[in-house]
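Scroll down for the structure; my scribbles are underneath it.
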Amino acid sequence: MKKKEISIYYLITIIFFIFIYIIQPIIENHIKIITIVSILLVVGIYYAVKQIKKLRINYKDIVLIIMILGILIRVMYIIYTPITERQHDVYSINDQGHLGYIYTIYQTGKLPDTNSIQFYHPPLFHLIAAGWLKVNDLFNVGLDRSIEGIQIITAIFSSLIMLVAYRIVEKIEIRNIYKILIMAVMAFHPTFIILAGSINNDVLMILLSFYIILYLIKWNDDPNIKNTIILAVITGCAVMTKVSGAIMAVPIMYTFIKRIFEVYKVEKKNLLRLFGKFLLFGVISLPLGLWHPMRNLIMFNQKIGWVLLPAEGLYVGQYSIFERFLSISFKELFGYTYCAIPGDHNIFSYIVKTSILGEFAYNNSIGIYVALFKIINLIIILMTIICTFVLLKKIKKKNNNSFITKILLITFFINIASYYHFNIKYPYLCTMDFRYMVPTIFTGIAAVCIVLDRIIKNVTIKESIEYIIVLFCILSFTFFFII
């Protein structure tokens with residue numbers, strides 16, 4: 001994809017969401033029907049144009065349709081979901097949740113003078129959201145509507161994740177059918193759609209994590225000053241959004257160390273120039289990422305990496321290591337439709353549920369549907385775990401595609417390690433939420449598709465896994481029409 005095309009896609013996506021925001025009062029009462037009609041029109045018109053011009057539909061056409069459908073699903077979801085539903089730590093403008101954080105910046109033009117509740121977080125997302133409210137003021141939009149419209153920003157971020165994922169997928173040497181499968185998962189996975197309406201800092205941090213992967217690949221191909229600066233800015237901004245963005249330092253460190261050995265072997269005289277780029281990276285990324293933690297350390301004696309302890313009623317540390325980490329509780333997984341808060345404590349069962357449902361309850365009449373969804377999701381997760389270890393064992397050295405695969409695997413395992421460390425250190429129900437390791441959706445499904453393309457030879461096994469992924473995407477796609 002050329003730079004001009006990328007810019008056009010980004011611009012069209014942003015303009016489309018702004019347009020939706022303008023016409024929202026007109027369409028919101030019939031949004032599901034309008035979405036279905038829009039989907040049929042998009043697919044029909046695209047197919048008709050191809051037929052008239054006598055052009056074959058190639059894989060890029062299919063990916064484009066998939067991403068458009070993904071955007072339409074996100075639009076539908078944020079319009080029928082108010083900011084009072086399916087949120088994490090948002091609260092009201094008068095409380096110290098994420099919305100109060102945004103409102104404080106909007107009202108005062110400065111950061112909160114306390115680190116209480118959610119005010120301890122780095123402020124990048126909240127600054128952007130407060131800026132959105134200010135822009136709405138310029139057009140005399142009422143505060144209630146502009147606050148509800150913060151979901152436009154999060155939906156844009158969620159949609160951009162698809163576009164960045166596609167740019168990464170284009171660099172992976174696998175057959176087009178598997179690129180399509182990866183993009184279908186990225187477009188329709190429930191986590192990304194729920195995040196599209198979640199007005200906290202999760203979705204921006206996840207988007208920036210994807211950008212880090214993309215620019216690590218670019219930097220590995222060409223470690224010039226421009227790519228170094230962009231990578232540094234993105235990394236700093238990820239930590240300025242949420243401190244857990246710092247875990248992306250691991251794939252970055254791997255890439256830098258790898259380059260040191262490569263340069264040392266063939267051109268030692270260039271080591272000094274390379275270290276200069278590392279210095280440039282640090283000079284940019286560290287102040288961007290650490291200024292707010294340092295501010296909180298000085299002002300509130302808040303340790304770097306500190307997190308707010310959840311409510312005592314969510315504590316699960318009384319359960320054994322086996323009950324929490326080393327078993328699968330099918331009772332928790334299938335004994336009741338949605339998450340039980342409090343009540344659940346088995347981490348694997350919680351991952352299976354929250355990776356498609358979040359920590360939320362939906363329409364109680366779709367219990368059978370949800371049970372099927374959980375079964376397919378469980379199979380997908382088990383396939384992901386198996387394929388990442390297969391890929392880890394089979395990965396070859398000394399080619400760029402191998403580097404991309406290694407970055408994906410490193411990102412996958414560091415997210416898993418961070419998640420489990422988080423749950424050991426903070427044994428609470430809410431820390432078990434899958435939203436703390438969302439990048440594993442992409443890195444995991446990419447690993448599955450790489451293994452399908454390069455390693456698995458049995459046609460029956462290949463097709464079975466492909467059908468399971470397609471079924472998962474169909475279930476995901478339809479889920480938000482029936483809840």
Side-chain angles (χ1 to χ4, degrees), residues 1 56-67 69-70 161-189 191-192 210 213-214 216-218 220-221 251 254-255 258 355 376-416 438-477:
M1 189 185 288
R56 294 183 63 183
I57 296 177
N58 59 38
Y59 105 90
K60 287 191 176 182
D61 294 323
I62 297 172
V63 168
L64 179 59
I65 291 293
I66 285 171
M67 288 197 289
L69 299 189
I161 288 172
M162 277 193 298
L163 291 171
V164 180
Y166 174 67
R167 294 173 68 185
I168 298 169
V169 166
E170 279 290 85
K171 296 178 180 295
I172 304 173
E173 294 176 8
I174 52 176
R175 279 182 291 170
N176 292 338
I177 179 63
Y178 297 116
K179 293 180 180 180
I180 291 169
L181 288 178
I182 293 171
M183 289 311 303
V185 171
M186 294 304 295
F188 306 135
H189 198 288
T191 294
F192 292 116
F210 275 77
I213 295 171
L214 175 64
L216 274 177
I217 297 168
K218 283 177 169 286
N220 184 68
D221 291 341
Y254 165 79
T255 306
K258 169 182 167 291
S355 59
I376 298 300
N377 191 41
L378 174 61
I379 295 169
I380 293 275
I381 290 172
L382 292 174
M383 288 192 319
T384 296
I385 294 169
I386 293 167
C387 287
T388 51
F389 281 101
V390 168
L391 203 54
L392 198 62
K393 184 178 179 181
K394 297 284 186 179
I395 193 167
K396 294 180 181 179
K397 300 178 180 179
K398 296 184 180 178
N399 63 71
N400 188 57
N401 207 49
S402 169
F403 169 76
I404 296 170
T405 305
K406 287 176 182 176
I407 288 299
L408 294 176
L409 288 174
I410 290 169
T411 304
F412 179 86
F413 285 113
I414 195 61
N415 270 270
I416 297 290
V438 172
T440 59
I441 295 172
F442 176 71
T443 53
I445 199 63
V448 171
C449 288
I450 292 169
V451 168
L452 283 173
D453 189 53
R454 299 182 198 162
I455 297 171
I456 296 176
K457 304 300 180 185
N458 187 293
V459 175
T460 303
I461 294 175
K462 273 179 178 284
E463 290 181 347
S464 298
I465 295 174
E466 289 165 10
Y467 289 144
I468 289 169
I469 296 172
V470 170
L471 178 57
F472 176 84
C473 292
I474 292 170
L475 290 169
S476 300
F477 181 79

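Please read all numbers here as calculations on a predicted model, not as lab measurements.
Considering only heavy atoms from C-beta on, L471 comes within 4.5 Å of L475 through its side chain. Side-chain atoms of K218 and R167, non-hydrogen and from C-beta on, do get closer than 4.5 Å to each other.
In this structure, OG1 on T384 lies 9.5 Å from CD1 on I416, to the nearest 0.5 angstrom. With rounding to the nearest 0.5 angstrom, the OG1 atom of T411 is 9.5 Å from the CZ atom of F210. Rounding to the nearest 0.5 Å gives a distance of 14.0 Å between CG of L216 and NZ of K406. With rounding to the nearest 0.5 angstrom, the CG atom of L391 is 5.0 Å from the CG atom of L409. Note that CD1 of I180 and CD of E466 are 11.0 Å apart. Values are rounded to the nearest 0.5 Å. The CD1 atom of I468 sits 12.0 Å away from atom SG of C473, with the distance rounded to the nearest 0.5 Å.
Scanning both residues, T255 and P251, for their nearest heavy atoms gives OG1-O, 2.8 Å. M67 approaches M183 most closely through the heavy-atom pair SD-CE, 3.9 Å. A pairwise comparison of heavy atoms in S355 and N377 identifies OG-ND2, 2.7 Å as the closest pair. Across all non-hydrogen atoms, the minimal contact from I66 to A184 is CG2-CA, 3.8 Å.
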Worksheet item: Going through the checks in order, is the side chain to side chain contact (heavy atoms under 4.5 Å, CB included) test met by M383 and I380?
Response: CA-CA 5 Å; M383 288 192 319; I380 293 275; 3.8 Å; yes
Fill in: Test side chain to side chain contact (heavy atoms under 4.5 Å, CB included) applied to K60 and Y166, step by step
CA-CA 10 Å; K60 287 191 176 182; Y166 174 67; 3.5 Å; yes
Practice prompt. Would you sort out whether T388 and L392 count as a side chain to side chain contact (heavy atoms under 4.5 Å, CB included), showing the intermediate values?
Written response: CA-CA 6 Å; T388 51; L392 198 62; over 6 Å; no
Discussion item. One pair to check against side chain to side chain contact (heavy atoms under 4.5 Å, CB included): I474 and V470. What are the steps and the verdict?
Written reply: CA-CA 6 Å; I474 292 170; V470 170; 3.9 Å; yes
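Both tests pass for K258 against the ring of F403: distance under 6.0 Å to the centre and angle within 45° of the axis.
Annotation: salt bridge (charged side-chain N to carboxylate O under 4.0 Å, His left out) contacts involving residues 176-187, sequence neighbours excluded, comprise E170-K179.
A distance below 6.0 Å separates the ring centres of F389 and F413.
Counting only distance, with no hydrogens or angles, the side chain of D61 and the backbone of N58 share a donor-acceptor pair below 3.5 Å. K171 contributes no side-chain N or O that, together with a main-chain N or O of I404, makes up a donor-acceptor pair within less than 3.5 Å.
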For a quick test of your reading: what N or O donor-acceptor pairs under 3.5 Å do the side chains of residues 439-453 make, sequence neighbours left out?
{"unit_1": "T440", "atom_1": "OG1", "unit_2": "M437", "atom_2": "O", "d": "2.6"}
{"unit_1": "T443", "atom_1": "OG1", "unit_2": "P439", "atom_2": "O", "d": "3.1"}
{"unit_1": "D453", "atom_1": "OD1", "unit_2": "R175", "atom_2": "NE", "d": "2.7"}

